[in-house]
2 protein chains.
Amino acid sequence: MTKSDKILEAALKLFITDGFHGTPTSKIAKEAGVANGTLFHYFSTKEILISELYLNVKKHLSNYLNHNLDMCKTTREKSKAICTKWIRWGIENPDKFTFFQQFANSPFINSISREEGAKNFEFAFEIIEEGISNGSLIDIDKYLIISILFGAINGLIHFALEFPEKFDDDYLETGFRMLWRSIANI
Amino acid sequence: MTKSDKILEAALKLFITDGFHGTPTSKIAKEAGVANGTLFHYFSTKEILISELYLNVKKHLSNYLNHNLDMCKTTREKSKAICTKWIRWGIENPDKFTFFQQFANSPFINSISREEGAKNFEFAFEIIEEGISNGSLIDIDKYLIISILFGAINGLIHFALEFPEKFDDDYLETGFRMLWRSIANI
DNA sequence: GTCTATAAGCTGATAGAC
DNA sequence: GTCTATCAGCTTATAGAC
């Protein structure tokens, strides 16, 4: 593990407990086991460190969602794969999930363009588009479908993180059935 | 408007653009048109100021949701009233909504107990319970229903704030129909 | 209650040796 | 690339006059 990775890992851990501004760079360096100056060698400002961490986590999620996705044929299968994987990702990576939510609801997100935000997630939009044109999804704005889906998935992850004993395959089944009923054209 | 209210108003405005730690108390006082010391006369620490603001906003939302709710009879009517009002509240109070989201996803929320978080929203849980027992809602954990609903409503508000021209009565109709289909027992 | 003045402590970032 | 030493500026909070 490179020093750069150690710094990002330490930052993630501290950010979710103390917040962005509440975490001094000195503390990040200490937690990462590197000198203060080393941090600024890799990330010239604190803000750059934060956005690189965000891009990192976003990439990690999109890779996770994309994995083996081409094995699914119908819109429903693809949607199910994405939704359940997303929830799994949240449960398996609670720190990354929390950071993602924190960042998405922080003023930092404004410094990132909408294109950059949607980058690596084009495949999700394509699936929604495909579903609308083949008639399996209701015919409304694809961004609206994504917004609702995204919000509901966050809700499912929040619940499962709060009550871990209730999380199992059944939970994923039930959860997806609820999501699907809200967007399916039936 | 009291000085105390002016301080809270200024804090809300600054927090959503600069973040909690990114907003100095001196700036809040200046924006509110009061002296630095006056701020600490009303709120002995910055943290207390932040949580009081949160309780304030939460109360504002719950009052908004509760208004004339007893005119609704069925579970569906009550649910619809709450969901559409919640979305309206978000559109009419974008600053409060943004602050609420920011706070809910910040480390500050951890200093507040779950009971305190759910306070003033007991009526929503009661409606869900009622719906489950009278068979109009699917029979799953009420906290799960709330989590999904809450997430999806946030998604609907986010979308409407981003594309204000798409927000109208039709939007609320379509939005609620989607939410209802996911939780209704049909 | 409201203000001004102030301090102790911390923060992001730099300089320069190795 | 990595470290130590250091600073200039800002931050929360207090003290005390009015």
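Note that this is a predicted model, so its numbers are computed, not measured. So you know, we letter chains A, B, ... as the sequences are listed, proteins then strands, and number each from 1.
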- What is the distance, rounded to the nearest whole Å, between atom OH of B/Y42 and atom C1' of D/dA13? 18 Å
- Item | Interatomic distance where NZ belongs to B/K6 and P belongs to C/dT2 [whole Å] | 10 Å
- Query: How long is the line joining CD1 of B/I48 and P of D/dT12, in whole Å?
  - Reply: 14 Å
- Query: Whole-Å distance between C/dT2 C1' and B/N36 CG?
  - Reply: 12 Å
- Query: How long is the gap from CD1 on B/I48 to OH on B/Y42, to the nearest 0.5 Å?
  - Reply: 15.5 Å
- Message: Does B/K96 qualify as a cation-pi partner of B/F99, given the criterion of NZ or CZ under 6.0 Å from the six-membered ring centre and within 45 degrees of its axis?
- Response: no
- Which part of the nucleic acid does B/T23 contact within heavy-atom distance under 4.0 Å: base, sugar-phosphate only, or nothing? sugar-phosphate
- Query: Any donor-acceptor pair under 3.5 Å linking the side chain of B/K30 with the backbone of B/A35?
  - Reply: no
- Think A/T25 has a side-chain N or O under 4.0 angstrom from the OP1 or OP2 of C/dG12? yes
- Task: Look at the side chain of B/F40 and decide which nucleotide, out of D/dA13, C/dC3, C/dA13, has an atom nearest to it.
- Result: D/dA13
- Item | B/E162 side chain to A/Y143 side chain, donor-acceptor N/O pair below 3.5 angstrom | no
- Query: Whole-Å distance between C/dA13 C1' and A/E47 CD?
  - Reply: 14 Å
- Message: Is there a side-chain contact between A/T38 and the phosphate of D/dG1, meaning an N or O under 4.0 Å from OP1 or OP2?
- Response: no
- Message: Please determine whether a side-chain nitrogen or oxygen atom of A/K3 lies at a distance below 4.0 Å from atom OP1 or OP2 of D/dC3.
- Response: yes
- Note on the structure: Checking C/dC3, C/dG12, D/dA13 against the side chain of B/T45 (C-beta onward), the nearest is D/dA13
- Between atom NE2 in B/H21 and atom P in D/dC10, what is the gap in whole Å? 19 Å
- Mark yes or no for whether A/K6, through its side chain, and A/A32, through its backbone, hold a donor-acceptor pair below 3.5 Å. no
- Note on the structure: A/L39 CG to C/dT11 C1', in whole Å, measures 13 Å
- Message: Measuring from the side chain of B/H41 (C-beta onward, heavy atoms only), which nucleotide among C/dT2, D/dC3, D/dT2 has the closest atom?
- Response: C/dT2
- Task: Figure out the NZ/C1' separation between A/K46 and C/dT14, and round it to whole Å.
- Result: 17 Å
